[in-house]
Amino acid sequence: MHRRLLPSLSFLLLCAWAQAQTKGVSVPERLESLVNDRFETTRCPGLSVAVASQNQIVFSKALGKADIEQGVPLTTASVQRLASLSKPITGTIIMDLVEQGKLSLDASVRQYLPELPVFYQSVSLRELLSHQSGVKGYADEEDVLFSTVHYSSSRDALKVMMAYPLAFTPGTKVEYSSLAFTVLGAAAEAATGRSFPQLSMDFFSRNSIHGLALDDPYAIVPRRVHGYLVDRTLNLQFNDGRVAGRDYLKGTAGEITNAHYYDISNRYPSGGFDASAEDLLRFVIAVGSGKVLKPDTVDAMWTGQHTFDGARTVFGLGWGVSKWKEKADMVGMNGLELSTTAFLRYLPRSGVGVALLCNAEGAKGLPELVNDILDITIP
């Protein structure tokens, strides 16, 4: 009998010892150890992580290089491409215009953009924000992804894409659409008489939001990092299910390469913002704390929208919505571009947030790292 009990007793003692050790280590110390231990396996040239609890930043860490060729270290002030983490920012800007009465969520987008084809008459701003619009806007997705054309406004970019038919009847299903946010940007431009870059900067200035910029390839953006591809065997996967190799790398040596050049101005509202992890998290905290929009507006923005048949979706108004371990409400987004991988998570009730930015496509283990950070931080 004693022989059978001793292993169990040893196990209990070991667990009690481990719990005592964990209690003696602060959350920032545990996060420091976790991020340091995982950094090399992510393959990120540079990795930046900011973590908040009770709406206060409690941890910030930057590892690796902002520019490999120049040997520039990444810092917590380094500015990285946010990719689709830009959509929540644009969603917040649009909802600010709704609060001001300059835009209406359920109006036809043609009310603001009469130059759109007639089939856009059934598309509302709400459907654009919640990925239910059916906007496609291209014959070949590579033309959008690899675009090198520089547009001064979303309305200008819209001229190239607006003739393409909708992929489905608006409101009947969810299909992720970055170009729907170009349409939103154009509507905001029409309502304000300002270009999307101008109205974005106006919004940031008016709300004392610092550190966010647009990824204009020709502008000087202080502390902007360089972007890379760290897995050249990784195929390009498109929304239509097509998979393509990276023929553009033929003749280029090296396991790590510079990212394919692209100009994001054709989709600034969906993927064109830059920020440090800290400044992005400060923006989210400001929104969650009611410092930017009215509480009722935030609640609407962070509530999953429904399709016509009543099915609730995983998108609010510009933001992704979900549950942390099926319990706590959580908002955020994932972002992936040719030069960056990014994650944002925020739990409104506890004020816990994570912003994780990597200056490369092809990184490994980042979703798991985000979840482990949340596990440590959530009370």
Side-chain angles (χ1 to χ4, degrees), residues 47-52 79-96 126-133 135 145 174-182 184-185 200 209 211-215 237 239 264 267-288 292-293 298-305 312-324 328-348 351-359 361 363 366-371 373-374:
L47 177 69
S48 182
V49 180
V51 181
V79 172
Q80 299 186 233
R81 295 176 177 89
L82 299 183
S84 285
L85 304 194
S86 303
K87 290 182 177 69
I89 300 170
T90 296
T92 305
I93 292 171
I94 295 296
M95 294 305 290
D96 177 65
R126 184 185 299 275
E127 288 158 347
L128 291 164
L129 282 165
S130 59
H131 300 278
Q132 297 184 54
S133 67
V135 169
L145 187 66
V174 172
E175 189 171 296
Y176 191 78
S177 173
S178 288
L179 291 182
F181 280 69
T182 297
L184 282 164
S200 298
I209 295 166
L212 275 68
L214 280 168
D215 192 45
Q237 297 185 356
N239 289 338
I264 199 72
R267 54 194 192 282
Y268 273 152
S270 70
F273 285 107
D274 296 339
S276 69
E278 282 189 17
D279 284 334
L280 174 62
L281 199 50
R282 289 189 185 98
F283 164 78
V284 177
I285 290 169
V287 175
V292 178
L293 300 173
V298 176
D299 286 345
M301 190 168 61
W302 289 353
T303 298
Q305 299 294 293
R312 176 163 287 195
T313 76
V314 296
F315 292 109
L317 300 172
W319 295 69
V321 297
S322 61
K323 295 279 189 182
W324 170 249
D329 291 337
M330 184 168 68
V331 297
M333 192 70 71
N334 300 341
L336 177 64
E337 276 286 349
L338 294 166
S339 60
T340 189
T341 309
F343 296 84
L344 175 66
R345 302 287 186 271
Y346 179 70
L347 284 73
V352 168
V354 178
L356 184 150
L357 309 176
C358 167
N359 60 336
E361 181 191 6
L366 296 182
E368 294 80 5
L369 177 56
V370 171
N371 287 340
I373 289 170
L374 286 169

Check your understanding: In Å and rounded to the nearest 0.5 Å, what is the CG to OG distance from Leu128 to Ser177?
Key -> 8.0 Å
Point to revise | Ile209 side chain near Arg282 side chain, heavy-atom distance below 4.5 Å | key: no
**Study point:** Exercise: identify the closest heavy-atom pair between Ser86 and Gly272
**Key:** OG-N, 3.3 Å
**Study point:** Results of side chain to side chain contact (heavy atoms under 4.5 Å, CB included) for Leu336 - residues two or more places apart only
**Key:** Thr341, Glu361
Exercise for review: Quick one: pull up CG in Asp329 and CH2 in Trp324 and give me the separation to the nearest 0.5 Å.
Suggested key: 14.0 Å
**Study point:** Heavy-atom check, side chain of Thr92 versus side chain of Trp319, under 4.5 Å
**Key:** yes
Check your understanding: Residues two or more places apart in sequence or in another chain: which of them pass side chain to side chain contact (heavy atoms under 4.5 Å, CB included) with Thr313?
Key -> Gln132, Val174, Gln305, Thr307, Phe315
Practice item. Looking only at non-hydrogen atoms, find the nearest pair between Leu280 and Ala355 and report the distance. Key: CD2-CB, 4.1 Å
Point to revise | Set of side chain to side chain contact (heavy atoms under 4.5 Å, CB included) partners for Glu368, sequence neighbours left out | key: none
**Study point:** Non-hydrogen side-chain atoms of Val352 and Arg345 separated by less than 4.5 Å
**Key:** no
Exercise for review: For the residue pair Gln80 and Ser276, establish whether any side-chain heavy-atom pair is separated by less than 4.5 Å.
Suggested key: no
**Study point:** Beyond-backbone contact of Phe283 with Glu278, side-chain heavy atoms, under 4.5 angstrom
**Key:** no
Study note, to complete from the structure: For Tyr346, the ring pair (Phe, Tyr, Trp, His ring centres under 6.0 Å) test, sequence neighbours excluded, returns Trp302
**Study point:** Lys87 and Thr90: CA distance, side-chain angles, deciding distance, side chain to side chain donor-acceptor pair (under 3.5 Å) verdict
**Key:** CA-CA 5 Å; Lys87 290 182 177 69; Thr90 296; over 6 Å; no
Review point. Looking at residues at least two apart in the chain, or sitting in another chain, which of them share a side chain to side chain contact (heavy atoms under 4.5 Å, CB included) with Ala213?
Key: Val221
Practice item. Return the minimal non-hydrogen interatomic distance between Ile93 and Ser200, and the atom names on each side. Key: CD1-OG, 3.8 Å
Point to revise | Point-to-point distance, once rounded to the nearest 0.5 Å, from CG of Asp299 to CG of Leu317 | key: 11.5 Å
**Study point:** Student check: side-chain heavy atoms of Asp96 and Val292 closer than 4.5 Å
**Key:** no
**Study point:** Minimum side-chain heavy-atom gap Leu47-Leu357 below 4.5 Å
**Key:** no
Study note, to complete from the structure: Those residues at least two apart in sequence (or on a different chain) that pass side chain to side chain donor-acceptor pair (under 3.5 Å) with Asp274 are none
Practice item. List the steps, then state whether side chain to side chain donor-acceptor pair (under 3.5 Å) holds for Tyr176 with Ser84. Key: CA-CA 11 Å; Tyr176 191 78; Ser84 285; 2.8 Å; yes
Review point. What's the shortest heavy-atom distance between Arg81 and Ser339, and which atoms?
Key: CD-OG, 3.1 Å
Exercise for review: Look up atom CZ in Arg267 and atom CG in Asp215, then write down how far apart they are to the nearest 0.5 Å.
Suggested key: 10.5 Å
**Study point:** Point-to-point distance, once rounded to the nearest 0.5 Å, from CZ of Phe273 to CG of Leu82
**Key:** 8.5 Å
Check your understanding: Between Thr340 and Cys358, which heavy-atom pair has the shortest distance, and what is it?
Key -> OG1-O, 3.2 Å
Check your understanding: Leu281 and Val354: which non-hydrogen atoms are nearest, and at how many Å?
Key -> CD1-N, 4.0 Å
Check your understanding: Is Leu179 close to Ser270 at the side-chain level, that is, under 4.5 Å between some pair of heavy atoms?
Key -> no
